[in-house]
Amino acid sequence: MKKLTILGSTGSIGTQALEVARKEGYKIIALAASSNVELLETQVREFKPKFVAVENEVAAKVLKIKLSDTDTVVMSGVDGICEIASIDVDIVLNAIVGIAGLRPTLAAIEAKNDVALANKETLVTGGEIVNRAIKKNGVRLLPVDSEHSAIFQSLQGVPEGSISKILLTASGGPFYGKKRDELQNVTRREALKHPNWSMGAKITIDSATLMNKGLEVIEAVHLFHVKPDDIEVLVHRQSIVHSGIELSDGAVIAQLGTPDMKLPIQYAITYPERAGLCGKRLSLADIGTLTFEKPDTDTFRCLPLCVDAIKMGGLKPVAANGANEEAVKLFLEDKIKFLQIAELVEMAICSQEKVNTFTVDDIFEADRAARILVQNNCR
């Protein structure tokens with residue numbers, strides 16, 4: 001019986017991970033969330049973890065009262081989440097949103113726990129530090145993002161050094177085919193209408209700007225130890241080919257499936273085993289046609305900006321991510337326009353001084369500076 005800790009248990013990835021645990025009979029040792037006390041209480045009462053952590057201090061106090069009749073220990077704040085990430089388990093699934101996921105990932109790795117990573121910002125902002133920690137502690141980092149899971153699955157059994165290129169697919173988002181002048185006044189509601197996936201607001205906006213794909217390029221560089229130029233982004237409107245690889249002999253291997261996160265979540269948790277999947281299976285006959293094309297990087301500038309950031313290295317990707325998180329928040333609050341997101345990301349990248357070495361504290365300081373820059377330039 002595998003023992004699991006799930007960080008971000010009340011979000012979409014976290015709740016689906018608990019479905020896997022329920023189905024496979026895995027033991028939940030600890031749960032963590034930001035502030036959703038009601039759902040977290042329900043999860044604790046069903047799965048009976050030994051520990052639970054809530055980032056929001058006030059919410060943690062409320063949950064502690066609600067769970068006073070149980071044996072579950074309630075912790076709070078970032079320190080509390082890092083503490084439960086350090087508990088000895090078979091795997092820690094990190095589905096926390098944003099750069100807040102970095103410290104818990106490192107805490108889990110330093111405790112020699114394998115990590116199933118659904119928090120791309122961990123690698124976007126701290127990829128070099130995370131990879132050093134993985135090597136030092138001899139643990140596995142298993143991708144949960146559908147694209148990186150697809151690449152990981154395609155790599156199984158492939159001899160080391162055989163990859164010629166990574167093929168990273170993108171849906172194109174709700175504004176596929178539109179040009180910059182058509183995007184001047186698009187609304188939050190329009191940007192949140194993703195054609196294929198049901199996701200949270202932030203990642204849905206990132207899909208609309210193609211920022212999500214830019215972040216995934218950075219993530220792939222660190223996950224698979226390739227250069228940015230070895231990654232080809234392809235717009236694939238059907239979202240059936242989740243990504244793949246091209247090998248040195250020209251062979252292309254890809255993973256296909258329905259546009260659903262259940263499989264990549266389950267594979268990361270059950271790896272190297274494959275469990276039966278409850279849900280709709282892919283019928284290629286029903287799909288009929290699969291199409292691929294190059295992305296419009298002139299219109300959707302967040303993608304090339306992220307590629308430039310990882311090529312420059314240092315803290316440039318941190319600035320890009322921090323500026324984007326802040327800009328998306330402002331767009332969702334109707335305080336800036338859609339195209340301003342890319343403009344602010346570019347401004348933050350250019351403003352961030354290039355450095356060759358940095359610490360975790362430097363990462364959070366660069367993130368803070370990028371957010372302040374965005375706030376100061378949107379008034």
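Atoms considered below: every heavy atom in the structure, side chains included; atoms not considered: hydrogens, waters and symmetry mates.
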With side chains defined as the heavy atoms from C-beta onward, is the minimum distance between [X] and [Y] less than 4.5 Å?
X	Y	answer
Ser9	Leu40	yes
Lys165	Ile231	no
Ile91	Tyr271	no
Leu123	Leu141	yes
Ile166	Asp230	no
Asn94	Thr5	no
Val328	Thr209	no
Asp90	Asp114	no

Within 45° of the axis and under 6.0 Å from the centre of the six-membered ring of Phe47, does NZ or CZ of Arg22 qualify? no
Does NZ or CZ of Arg180 lie under 6.0 Å from the centre of the six-membered ring of Phe300, at an angle within 45° of the ring axis? no
Establish, from distance only, whether the side-chain atoms of [X] and [Y] form a donor-acceptor pair under 3.5 Å.
X	Y	answer
Ser149	Gln153	yes
Asn212	Ser207	no
Ser12	Gln16	yes

Determine, using the 4.5 Å side-chain heavy-atom cutoff (strictly less than), whether [X] and [Y] are members of one ILVMFWY cluster.
X	Y	value
Leu234	Val226	no
Met347	Val374	no
Val78	Leu63	no
Met211	Ile218	yes

Mind telling me whether Phe338 and Phe175 have parallel, tilted or perpendicular rings, with 30° and 60° as the class edges? perpendicular
Just say parallel, tilted or perpendicular for the rings of Phe224 and His148, cut-offs at 30° and 60°. parallel
Do other residues, nucleotides or ligands put more than 12 heavy atoms under 6.0 Å from [X] [atom1]?
X	atom1	answer
Lys178	NZ	no
Lys202	NZ	yes
Lys23	NZ	yes
Lys354	NZ	yes
Asp249	CG	yes
Glu333	CD	yes

Glu343 bridged to Arg301 by N-O distance under 4.0 Å: no
Please determine whether a side-chain nitrogen of the Lys or Arg among Lys262 and Asp260 lies less than 4.0 Å from a carboxylate oxygen of the Asp or Glu. yes
Carefully, step by step, assess Asp69 and Arg45 under the rule salt bridge (charged side-chain N to carboxylate O under 4.0 Å, His left out). CA-CA 10 Å; Asp69 61 326; Arg45 292 192 181 281; 3.0 Å; yes
Between Ile6 and Gly14, the two heavy atoms sitting closest are CG2-CA, 4.1 Å
At what distance, to the nearest 0.5 angstrom, does [atom1] of [X] lie from [atom2] of [Y]?
X	Y	atom1	atom2	value
Ile287	Leu256	CD1	CG	9.5 Å
Leu18	Ile269	CG	CD1	8.0 Å
Leu284	Leu290	CG	CG	7.0 Å
Leu210	Leu215	CG	CG	11.0 Å
Gln255	Ile240	CD	CD1	10.0 Å
Thr359	Asp361	OG1	CG	4.5 Å

With sequence neighbours left out, which residue pairs that include part of residues 53-67 fulfil the side-chain hydrogen bond (donor to acceptor under 3.5 Å, both in side chains) condition? Glu57-Ser76
What pairs meet the side-chain hydrogen bond (donor to acceptor under 3.5 Å, both in side chains) rule with one or both residues in residues 316-325, with sequence neighbours excluded? Asp206-Asn324, Asn321-Glu325, Glu325-Arg371
Could you walk me through whether Val130 and His222 pass the side chain to side chain contact (heavy atoms under 4.5 Å, CB included) test, one step at a time? CA-CA 9 Å; Val130 170; His222 294 299; over 6 Å; no
[X] side chain to [Y] backbone, donor-acceptor under 3.5 Å:
X	Y	result
His242	Thr258	yes
Ser146	Met261	no
Asn137	Ala133	yes

Determine, stepwise, if the pair Arg237 / Glu293 fulfils salt bridge (charged side-chain N to carboxylate O under 4.0 Å, His left out). CA-CA 9 Å; Arg237 291 296 283 168; Glu293 58 189 286; over 6 Å; no
Could you please spell out the steps behind the salt bridge (charged side-chain N to carboxylate O under 4.0 Å, His left out) verdict for Arg368 and Glu365? CA-CA 5 Å; Arg368 187 184 71 85; Glu365 177 55 33; 2.7 Å; yes
